Amino acid sequence: MRRYSKNTDEDDIRHRPNRKGNRPRTNIRPKHEEAVLGMVLTVDRGRLTCLVDDRVVMAMKARELGRKAAVVGDRVAIVGDLSGEKDTLARIVRIEPRTSVLRRTADDDDPYERVVVANADQLAVVTALADPEPRPRLIDRCLVAAYDGGLDPLLVLTKSDLAPPDELLELYGALGVPYVVTSREELESGEALDRVHKLLDGKITAFVGHSGVGKTTLVNALVSRERRRSTGVVNAVTGRGRHTTTSARAIPLPGNDGWVVDTPGVRSFGLHHVDPSRVIKAFPDLEPGTEGCPRACSHDEQDCALDEWVAQGHADPARLYSLRRLLSTRERREGD
């Protein structure tokens, strides 16, 4: 065995050759200081359509990101060919911190979270007043996901020409959720679009709802003709709609005064990931009353301090009822 002295600068020290002829591996990653920021518009089987300045660029995720996945709405750092020309491909090297996240699970027993949209300002929950019938449990679940993810909820009621909205509005009145009511005639004439536009102005709004409620029809009415998607009809046998949107897509509103994110129709909205302590933050009038709650309180148990807080007149009992109704949706299925 060859021995060396303490002096390690000898010229005859052997170096193990790199058989592959490429550069040796290193844990030092490039900083990509030349990367340009963009916004993810669509994701399709590993290819991401991004908006960089005023150009649409096709990109793929860099290997160094590992399991991190970019979703629609993400702000990302991109390097490579940013010309946007046909058959060019750039690389996403960094995902910027998110301001909000809309997440769901397949059901309440599924621990795997699916991020639907990132960095949206509000969540528009679209539901029809008839054909198909409203599903309040699904609406509740969407509201919980919005509160949990840091999005402001917006209730959009369609097809008011088939049924009045009074009963549904009374159910959600105590929550103080902004709402807009539309009918088919108002959408066709454009009368309802001004009311909807005022609620979307300058914001990124994710639209969610089960199939057949008119979500894509409403989005099509809001955006330019060349960006529209196909629409479907409600199945006469099951009373449920057919999926016409198969992937989420961010679409700019005319005049660059906001974005809408059209998402696929949902038939279930799992809440396995939801922490009740995050939902209560959407109820600032009730949150101070939780200081006396036992540890890991579900806010719907015998020792919950909210009962006494409300009894002392600090908050409206209807607000506590609404909070507990929303939190209980995790234990109840949407169709119940």
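Every value quoted in this text rests on a predicted model; they were computed, and no experiment measured them. Computed from heavy atoms alone, side chains included, the values below leave out hydrogens, waters and symmetry copies.
One finds the SG atom of C50 at 10.0 Å from the CE atom of M39 (value rounded to the nearest 0.5 Å). Between atom CG of residue L41 and atom CD1 of residue I251 there is a gap of 9.5 Å, rounded to the nearest 0.5 Å. Between the CD atom of E85 and the OG atom of S83 there is a distance of 4.0 Å, given to the nearest 0.5 Å. Distance check, rounded to the nearest 0.5 Å: CH2 of W309 to CG of D285 gives 9.0 Å. Note: E96 CD to R98 CZ = 11.5 Å, rounded to the nearest 0.5 Å. Atoms OG and CG, on S322 and L320 in that order, are 8.5 Å from each other to the nearest 0.5 Å.
The closest side-chain heavy-atom distance from L253 to H197 is below 4.5 Å. With contacts defined as side-chain heavy-atom distances shorter than 4.5 Å, the pair L157/T127 qualifies. Annotation: side chain of H314 is not in contact with side chain of P288 (no heavy-atom distance under 4.5 Å). By the 4.5 Å heavy-atom criterion applied to side chains, F283 and L306 are not counted as neighbours. Inter-residue side-chain proximity for E64 and R91 is flagged as met; some heavy-atom pair is nearer than 4.5 Å. Considering only heavy atoms from C-beta on, K159 comes within 4.5 Å of P132 through its side chain. The shortest side-chain heavy-atom distance between R103 and R114 does not fall under the 4.5 Å cut-off. Two residues are said to be in side-chain contact when any heavy atoms from C-beta on lie closer than 4.5 Å; H299 and V279 fail this criterion.
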(request) Show your reasoning for whether side chain to side chain contact (heavy atoms under 4.5 Å, CB included) applies to L168 and Y179. (result) CA-CA 11 Å; L168 207 58; Y179 67 89; over 6 Å; no
(message) Determine whether E301 and C297 satisfy the following criterion, side chain to side chain contact (heavy atoms under 4.5 Å, CB included), listing intermediate values before the conclusion.
(response) CA-CA 7 Å; E301 51 192 68; C297 181; 3.8 Å; yes
(message) Could you go through L154 and V177, starting from their C-alpha distance and side-chain angles, then the distance that decides it, and tell me whether this counts as side chain to side chain contact (heavy atoms under 4.5 Å, CB included)?
(response) CA-CA 6 Å; L154 169 65; V177 178; 5.6 Å; no
(request) Evaluate the side chain to side chain contact (heavy atoms under 4.5 Å, CB included) criterion for residues Q122 and L200: first the C-alpha distance (whole Å), next the side-chain angles of each, then the deciding distance (0.1 Å), finally the verdict. (result) CA-CA 9 Å; Q122 60 183 354; L200 309 182; 3.7 Å; yes
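For P252 against V223, the heavy-atom pair with the smallest separation is O-CG1, 4.1 Å. Contact detail for A70 and V40: the closest heavy-atom pair is CB-CG2, 4.3 Å. A315 and V310 make their closest contact through O-CG1, 3.6 Å (heavy atoms, listed as atom of the first residue, atom of the second, distance). Counting all heavy atoms, side chain and backbone alike, F207 lies closest to V260 at CE1-CG1, 3.6 Å. The two residues L129 and E133 make their nearest non-hydrogen contact at O-OE1, 4.3 Å. Summarising the geometry of S183 relative to S160, their closest heavy-atom pair is CB-OG, 3.3 Å, with the distance given to 0.1 Å.
A salt bridge is defined here as a Lys NZ or Arg NE, NH1 or NH2 lying under 4.0 Å from an Asp or Glu carboxylate O, and D74 with K68 fails to meet this definition. With salt bridges taken as basic N to acidic carboxylate O contacts below 4.0 Å, one links D140 and R137. Under the 4.0 Å criterion applied to side-chain N and carboxylate O atoms, R278 and D148 are assigned as salt-bridge partners.
Cluster annotation: V261 and V71 are assigned to distinct hydrophobic clusters (Ile/Leu/Val/Met/Phe/Trp/Tyr, side-chain heavy-atom contacts under 4.5 Å, transitive). In the hydrophobic clustering of this structure, L123 groups with L169; members are Ile, Leu, Val, Met, Phe, Trp, Tyr whose side-chain heavy atoms approach within less than 4.5 Å, directly or through other members. No path of Ile, Leu, Val, Met, Phe, Trp and Tyr side chains, each step under 4.5 Å between heavy atoms, connects V101 with V116, placing them in separate hydrophobic clusters. If you chain together hydrophobic residues whose side chains sit under 4.5 Å apart, M58 and V93 never meet in one group. Both L155 and L175 are members of a single hydrophobic cluster when ILVMFWY side chains are connected at heavy-atom separations under 4.5 Å.
The backbone N or O of C293 sits nowhere less than 3.5 Å from a side-chain atom of T290 that would complete a donor-acceptor pair. Looking at R319, its side chain does come within 3.5 Å of a backbone N or O of A174 through a donor-acceptor pair. When atom types are taken as modelled, the side chain of R55 and the backbone of L82 share a donor-acceptor pair closer than 3.5 angstrom. For the pair R195 (side chain) and V181 (backbone), a donor-acceptor distance under 3.5 Å is present. At least one donor-acceptor pair under 3.5 Å links the side chain of Y172 to the backbone N or O of P136. The main-chain N or O of A120 is found under 3.5 Å from a side-chain atom of S100 such that the two form a donor-acceptor pair. Checked by atom type and distance alone, the side chain of T158 never pairs as donor or acceptor with a backbone atom of T182 at under 3.5 Å. At distances below 3.5 Å, not a single donor-acceptor pair connects side-chain atoms of K61 with backbone N or O atoms of L48.
With a 6.0 Å radius and a threshold of 12 heavy atoms from other residues, nucleotides or ligands, E167 has its CD atom at or below the threshold. Residue E308 qualifies as open at atom CD: its count of foreign heavy atoms under 6.0 Å is 12 or below. Within 6.0 Å of CD in E34 there are more than 12 heavy atoms belonging to other residues, nucleotides or ligands. The 12-atom threshold is not exceeded at CD of E291, counting heavy atoms of other residues, nucleotides or ligands nearer than 6.0 Å.
Judged purely by distance below 3.5 Å, without hydrogens or angles, the side chains of S298 and D300 never pair a donor atom with an acceptor atom.
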